[in-house]
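Everything numeric here is computed off the predicted structure, so don't read it as measured data. Quick note on labels: first sequence line is chain A, next is B, and so on, each numbered from 1.
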Amino acid sequence: MPELPEVETVRRGLEPVVAGRRIAAAEIRRPDLRFPFPERFAERLVGQRIVGLERRAKYLIAALSGGEDLVMHLGMTGRFTILEKGRADTPGDYANSVGADPVHDHVMLTLSGGARIVYNDPRRFGFMVMMPHAERSAHPLFRGLGVEPLGPELTADYLAARARGKKANLKSFLMDQRVVAGLGNIYVAEALFRAGLSPNRAARALADRRGEATERARKLVPAIQGVLEQAIAARGSTLRDYRDASGASGGFQNSFAVYDRAGETCRRAGCGGEIRRVVHAGRASFYCPRCQR
DNA sequence: ACTGTACCCTGTAGGC
DNA sequence: TGCCTACAGGGTACAG
């Protein structure tokens, strides 16, 4: 479900509610998600103050006062929901309230001040792990991550260096979190459309024989950044499950140029091409064969 | 070193 | 109505 814009939208919704609060209670309602929860998870959370809430790639990271980071990934269907004080002050209240989902509500945190945070994840591809803050950058989950696409490190030269000689297609190249961290199926498709690049083209087209960035690489950077910025401004894309921390849907799905539009007409004025669906590495790709080469 | 496939899990949509 | 298959915003472990 959630790519960078959705995770960032969730982060922005949660941060003012959790930052500075203490975790007063933690209810862990099953032993695992994708991976087992950390040992003695609830006991390690309770009493900690949440110092801040960051995002790196598609990870949400709560920095805890004791020096550990709580790292959370939403997988495909993970969702955080804020229950303000008074809406459901006890677990019993919540269980009987509208919107409660006892089968898929896996984690409930009660914060000082009374707000509660519920993590719901039907498919359980999400996970939560804890690690000392100082060890985060060396942790296997973070060590190999590529650049943040909205940061200064995403440049045409960087893409060219990483793509040089690679005959893998551009779709797979951009989906690789070791190259650019945070893109997923939707925003790769949309960025390639904006850059006028076919997802089928070999990634090495981003570099010339000397390894210098090509015009294609230079177009790709603002295409990636533009689509992510606009998607964040629209509070993400909702296809099926995605909701922000307030329960609201995103809005960017109404602006898709190609994603999930197979058989429909290209929206570029005067194009008239038909959006095509192909499969790369088991994931659907969408593109306009007239606009993207 | 790369590339493609299977798989993790559940819900839903569409065909018959 | 019901059953069955395919597919879904992610990521990883393999086999080749």
- [ ] For residues A/Phe142 and A/Tyr59, establish whether the separation of their ring centroids is below 6.0 Å.
- [x] yes

Taking atom [atom2] of [N] as reference, at what distance in whole Å does atom [atom1] of [X] sit?
X	N	atom1	atom2	answer
A/Arg204	B/dA1	CZ	P	19 Å
A/Asp241	B/dT12	CG	P	8 Å
A/Arg164	B/dC2	CZ	C1'	18 Å
A/Tyr59	C/dG10	OH	P	13 Å
A/Leu239	B/dA13	CG	C1'	14 Å
A/Lys171	C/dG10	NZ	C1'	12 Å
A/Met175	C/dT12	CE	P	12 Å
A/Asn185	C/dA8	CG	P	8 Å

Task: C/dG10 OP1/OP2 closer than 4.0 Å to side-chain N/O of A/Gln177 - done: no

- [ ] Check whether any side-chain N or O of A/His73 sits under 4.0 Å from OP1 or OP2 of C/dG11, and answer yes or no.
- [x] yes

- [ ] Sort and list the pairs that fulfil salt bridge (charged side-chain N to carboxylate O under 4.0 Å, His left out) and have at least one residue in residues 149-169 of chain A, not counting sequence neighbours.
- [x] none

TODO: For residues 138-151 of chain A, pull every pair meeting salt bridge (charged side-chain N to carboxylate O under 4.0 Å, His left out), keeping only residues two or more places apart or in separate chains.
DONE: A/Arg55-A/Glu148, A/Arg56-A/Glu148

- [ ] Scan nucleotides 3-9 of chain B nucleotide by nucleotide, 5' to 3', and note B when protein non-hydrogen atoms come under 4.0 Å of the base, S if they reach only the sugar-phosphate, - if neither.
- [x] S-B--BB

Open item on the list: I'd like the P distance from C/dA6 over to B/dT5, given in whole Å.
Closed with: 16 Å

- [ ] Pick the P atom in B/dC7 and in C/dT5, then give their distance to the nearest Å.
- [x] 15 Å

Open item on the list: A/Asp260: which residues meet the salt bridge (Lys or Arg N to Asp or Glu O under 4.0 Å) condition with it, sequence neighbours left out?
Closed with: none

TODO: Look at the side chain of A/Glu190 and the backbone N and O of A/Val258, then say whether any donor-acceptor pair between them is shorter than 3.5 Å.
DONE: yes

- [ ] For A/Ser237 and A/Tyr187, test the side chains for any donor-to-acceptor distance below 3.5 angstrom and give the result as yes or no.
- [x] yes

- [ ] Return yes if a side-chain donor-acceptor contact under 3.5 Å exists between A/Arg116 and A/Thr110, otherwise no.
- [x] yes

Open item on the list: Please give the stem ranges for DNA chain C, sorted by first residue number, where a stem is three or more consecutive Watson-Crick or G-U pairs and both donor-acceptor distances are under 3.5 Å.
Closed with: B:2-8 with C:10-16, B:10-16 with C:2-8

Validation: residues 276-283 of chain A side-chain donor-acceptor distances under 3.5 Å, sequence neighbours left out:
from, atom 1, to, atom 2, distance (Å)
A/His280, ND1, A/Ser285, OG, 2.7
A/His280, NE2, A/Asn200, OD1, 2.7

- [ ] Take the angle between the ring planes of A/Tyr259 and A/Phe286 and call it parallel below 30°, perpendicular above 60°, tilted in between.
- [x] perpendicular

